[in-house]
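Quick notes on the structure that follows.
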2 protein chains.
Amino acid sequence: MSEGIDGRRGDGRPAAGGYDATDEHRFLAGYDPNAFAPAAVTVDVVALTIRDGLPHVLLGRRARHPQRGRWALPGGFVRARDSAAGPADPDLPDAALRVLTEKTPLPAEIHLEQLGTYGAIDRDPRMRVISVAYMVLAPDLPDPRTGRDTAEAAWVPWTALGYGEGADTGHELAFDHTRVLGDAVERARSKLEYTALATAFLPPAFTITELRGVYEAVWGRTLHAANFHRKILATPGFVEDTGELADRGGSGGGRRARLYRAGGAALLHPPLLRGTQ
Amino acid sequence: MSEGIDGRRGDGRPAAGGYDATDEHRFLAGYDPNAFAPAAVTVDVVALTIRDGLPHVLLGRRARHPQRGRWALPGGFVRARDSAAGPADPDLPDAALRVLTEKTPLPAEIHLEQLGTYGAIDRDPRMRVISVAYMVLAPDLPDPRTGRDTAEAAWVPWTALGYGEGADTGHELAFDHTRVLGDAVERARSKLEYTALATAFLPPAFTITELRGVYEAVWGRTLHAANFHRKILATPGFVEDTGELADRGGSGGGRRARLYRAGGAALLHPPLLRGTQ
DNA sequence: AAGAGAAAAACTCACCATGAGAACAACTGG
DNA sequence: CCAGTTGTTCTCATGGTGAGTTTTTCTCTT
């Protein structure tokens, strides 16, 4: 590394072996893409929402082989080129949104983030399948519709999948989706601590109590209401006041809550730690 | 979702469309893997180490097309099946370690974690290439060796790539590797806050001052030595005392520092925030 | 209309973690 | 022995936190 990162020597001319676009063009003309296409790429989506104070995940029962009849995350092959099924996916997030909209209509603003990629050689019996997993957080969505590859689709509370209090033993999902879902749960729990992600589960206007409900649902524990209130308002940029009040102060009476919207901050300073309280 | 997640009804028998292994076997016998292999999968590795108080990243200059002559992260195709080049990669981390050992010998214990996957349709001119990026943190490693696809390889300080103080304008790497490196830098900076990851940059026994050096190098700022010392020792499981002292107390004299080893904790409670101090 | 009950929001207080600086301890080289 | 350097401990003011109480504002009942 005596000549520096840019591949130029002291005289300012490209070093031997420097980048040459014309030569590259000739190379590409004779390249055979099929020589290096030994794997299929899919996207799988962990869509999370909160219903009745409990996190739910979107699952479908597989209508086709392999693993026909097992519950699975929504997913599908990434379209590398235009196919009979439709246009190519420009990028991986586009593919994730495409397979998700086959199951449920999506609101204008949702949170989509990449979880990780799973590629063990035997995770799919057909061939080597590399699966890029995405996590979607959304406010309460309508019941899903069934699709071409799905016999049945539903929002399933994650207590039925081995998470949260009163958890079941954990049902087995297709492929390695149990592990993918577990990674999503841990990611969601952890990101609530140091990001403003909780608002992604709520409609545009919400109360502090509803926000606390998100934390309690995802973390599976109760929080001190007064301290939570103080902490949220003390964290700059987390929420901002809309100046309006919620319609009713609860079923059995009570003061009407103030309505807030999500603030501009993505990261929380200081974070909301689940450790102690 | 009236019948529960496991696909059984009240009578305990599988519901219509339940999982059927025998039928699936027949399906797989007639499956053509090439029908769904429209993309190539590669791994790219962001290997970080600290030299002379500055983070360095391992780069190689490409000896082949495409992007011949440009600096790039170590990487290569995932081997889906045994090839002329060698045995198949059982999982993606195996592939990441394989491409890395082509450049440098690795110590027994390194930190390897997945960064993310990049799959924009035009990120490689040959064909659709999905790249799974990994981040490796290691103690100071020897200078790299050149490989089959690499004309030249080197540890490059990340000030030469647009990060840290006195940063250059940022040189352009091959493909989208500038973005991948940027994501790695942000990931490393962030994970130092709430995990015990900093010890991955250090040898098995280290002093508190060396540990602080890791934080200062990665975050690009100085920290209050006394408060850092107190905080580290107050965080349970971060480090444990070896009972020994470092060889010398520095070049110009000074007290000999106590030696610590990494503790068992992976997560820090409470975290070390870079926000204020 | 008055009062009970309920939910949201504000307040109080003891305690702990933090930032900043000073002081002390242990070592090297002249 | 002394100056300089580095590692470690101590002090103190400040601010955030956990826990509980009080106040405000609403609904429902009588």
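Annotation: side chain to side chain contact (heavy atoms under 4.5 Å, CB included) contacts of A:Ala196 (sequence neighbours excluded): A:Phe238, A:Leu268. Partners of A:Ser190 by side chain to side chain contact (heavy atoms under 4.5 Å, CB included), not counting sequence neighbours, listed by chain and number: A:Glu186, A:Tyr194, A:Arg274. Applying the salt bridge (Lys or Arg N to Asp or Glu O under 4.0 Å) test to A:Glu240 and every residue at least two apart in sequence or in another chain returns A:Arg261. Applying the salt bridge (Lys or Arg N to Asp or Glu O under 4.0 Å) test to B:Lys231 and every residue at least two apart in sequence or in another chain returns nothing. In terms of the side chain to side chain contact (heavy atoms under 4.5 Å, CB included) criterion, residue partners of B:Leu245 (sequence neighbours excluded) are, by chain and number, B:Arg256, B:Arg258.
Comparing B:Pro271 and B:Ala226 by the nucleotide of DNA chain C that holds the closest heavy atom to each, the one mapping nearer the 5' end is B:Pro271.
Of all nucleotides listed (C:dT18, D:dT21, C:dA8), C:dT18 comes nearest to the side chain of B:Pro270. Here C:dA8 is the nucleotide among D:dT6, C:dA8, D:dT17 with the atom lying nearest to any side-chain atom of A:Arg212.
Rounded to whole angstrom, the span from the CD1 atom of A:Ile208 across to the C1' atom of C:dA9 amounts to 10 Å. Remark: P of D:dC12 and CG of B:Asn227 are 16 Å apart, rounded to the nearest angstrom. Atoms CD (B:Glu210) and P (D:dT8) sit 11 Å apart, rounded to a whole Å. Look at CZ on B:Arg256: it is 7 Å from P on C:dT28, rounded to the nearest Å. The separation between B:Arg258 atom CZ and C:dC27 atom P is 12 Å, rounded to whole Å. A straight line from CG of A:Asp247 to P of D:dT27 spans 11 Å, rounded to a whole angstrom. C:dA10 atom C1' lies 17 Å from atom CZ of A:Phe228, rounded to whole Å. Following rounding to the nearest Å, A:His269 (NE2) and D:dT17 (P) show an atom-to-atom distance of 13 Å.
With 3.5 Å as the limit, one finds no donor-acceptor pair spanning the side chains of A:Asp91 and B:Tyr118.
Of the residues in residues 230-245 of chain B, those placing a heavy atom less than 4.0 Å from an atom of DNA chain C are B:Arg230, B:Lys231, in numerical order.
Applying the 4.0 Å criterion to OP1 and OP2 of C:dA9, one finds that A:His229 has a side-chain N or O inside that range.
Using a 4.5 Å heavy-atom threshold, the side chains of B:Phe228 and B:Ile208 count as touching.
A:Thr209 comes within 4.0 angstrom of sugar-phosphate atoms only, judged by non-hydrogen atoms across all strands, and of no base.
The base of D:dT8 does not come close enough to the side chain of B:Arg255 for any donor and acceptor atom to sit less than 3.5 Å apart.
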